[in-house]
Amino acid sequence: MGDATVAVSDSTWTDEVENHKGFALADFWAEWCGPCRMIAPTLDELAREYGAALKVVKVDVQENTEIAGKFGISSIPCLILFKDGQEIDRVVGVKNKSQFKAWIDGKMAG
Amino acid sequence: MGKPSEKSLERVERMVTNFCEKSGTFRHPDPKITEGVVLGLAANLDELGRPLCPCRFYPDKKEEVKHRTWICPCDDMNVYKYCHCLLFCTPEGLPVTEHLPADHEGRGTWGEVKDPTPEKGRALKHKAEEREAERIARKS
């Protein structure tokens with residue numbers, strides 16, 4: 001996992017995401033998922049580029065079944081965008097960096 | 001998840017090689033993508049006795065293996081020739097999407113990717129209606 005992203009667990013989810021003021025992007029992933037591996041470097045770059053404007057967290061669905069179940073995750077990677085702890089949109093699967101940026105910027109602009 | 005057994009790894013490797021040939025698909029050009037998925041399948045084979053797809057979340061894995069849907073090669077592969085995991089790809093490393101229903105998430109993610117070997121694979125294409133009904137009724 002890159003330095004710019006934060007690993008979140010069932011027990012830290014509330015503090016890290018639900019109580020976070022502003023935007024957060026949660027990547028639901030698993031170690032042995034090919035597409036999850038493909039997008040990992042892109043998410044790390046996005047976390048660095050957005051800095052404080054977007055908190056990027058990663059949830060390993062193998063280890064954190066409670067949160068994955070709560071959000072109805074099926075296919076992974078699944079990326080959910082939150083504003084002030086509330087889900088505003090989600091995307092499933094691989095996209096390139098510019099596609100992710102267009103999606104994030106569009107949603108952040110409201 | 002711990003490292004899978006050599007026996008399961010060999011079994012999954014063999015399955016991947018044989019199924020690529022049978023379905024007219026190819027391994028991903030980045031071997032790390034394939035390696036990760038093979039490890040996940042082998043770990044699930046050890047844990048559950050079946051190579052359950054590692055690119056999905058299941059609220060209850062033991063319940064899930066009672067269904068055929070996500071046992072590799074999965075129903076999406078056998079009906080639509082689509083592998084979300086990127087285990088069975090085109091030579092360029094893309095999943096075939098041309099046979100998917102228009103509203104399938106694979107179409108949204110990848111657009112239309114043509115099947116380079118339409119004469120091969122899709123052994124269960126006659127079950128497309130059944131698969132579509134299940135895809136809508138049972139997300140996982």
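Just so we're clear, the structure is a prediction, and the values are computed from it rather than from any experiment. Order of the sequence lines fixes the chain letters, A, B, ..., with proteins taken first and strands second; residue numbering starts at 1 for each chain.
- Residues A/Gly34 and B/Cys55 come closest through the heavy atom pair N-SG, 3.9 Å.
- Counting non-hydrogen atoms of neighbouring residues, nucleotides and ligands closer than 6.0 angstrom, the CZ atom of B/Arg50 reaches no more than 12 such neighbours.
- Taking every heavy atom of both residues into account, A/Gly69 and B/Phe57 meet most closely at N-CE2, 3.5 Å.
- There is a path of hydrophobic side-chain contacts, each under 4.5 Å, that joins A/Val56 to A/Ile88.
- When hydrophobic clusters are built by joining Ile, Leu, Val, Met, Phe, Trp and Tyr residues whose side-chain heavy atoms come closer than 4.5 Å, directly or via intermediates, B/Leu45 is grouped together with B/Leu87.
- Across A/Ala30 and B/Pro54, no two heavy atoms sit closer than the pair CB-O, 4.2 Å.
- Distance SG/A/Cys33 to CG/B/Leu39: 13.0 Å, rounded to 0.5 Å.
- Residue B/Lys61 holds its NZ atom at 4.5 Å from CD of A/Gln62, rounded to the nearest 0.5 Å.
- Pairing each heavy atom of B/Gly36 with each of A/Trp32, the nearest pair is O-CB, 3.1 Å.
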Hey, can you pull the donor-acceptor pairs under 3.5 Å for the side chains in residues 102-109 of chain B, sequence neighbours left out?
from: B/Asp103; atom 1: OD1; to: B/Arg135; atom 2: NH2; distance (Å): 2.7
from: B/His104; atom 1: ND1; to: B/Gly106; atom 2: N; distance (Å): 2.9
from: B/His104; atom 1: NE2; to: B/Asp76; atom 2: OD2; distance (Å): 3.1
from: B/Glu105; atom 1: OE2; to: A/Ser75; atom 2: OG; distance (Å): 2.6
from: B/Arg107; atom 1: NE; to: B/Thr97; atom 2: O; distance (Å): 2.9
from: B/Arg107; atom 1: NH2; to: B/Glu98; atom 2: O; distance (Å): 3.1
from: B/Thr109; atom 1: OG1; to: A/Val92; atom 2: O; distance (Å): 3.0
from: B/Thr109; atom 1: OG1; to: B/Glu105; atom 2: O; distance (Å): 3.0

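- Of all heavy-atom pairs spanning B/Cys85 and A/Pro35, the tightest one is O-CD, 3.4 Å.
- Hydrophobic clustering, with ILVMFWY side chains joined whenever heavy atoms are under 4.5 angstrom apart, groups A/Phe100 together with A/Met38.
- Between A/Arg37 and B/Lys32, the shortest heavy-atom contact is NH1-O, 3.2 Å.
- Enclosure of atom NZ in A/Lys83 is not indicated, since only 12 or fewer non-hydrogen atoms of other residues, nucleotides or ligands lie within 6.0 angstrom.
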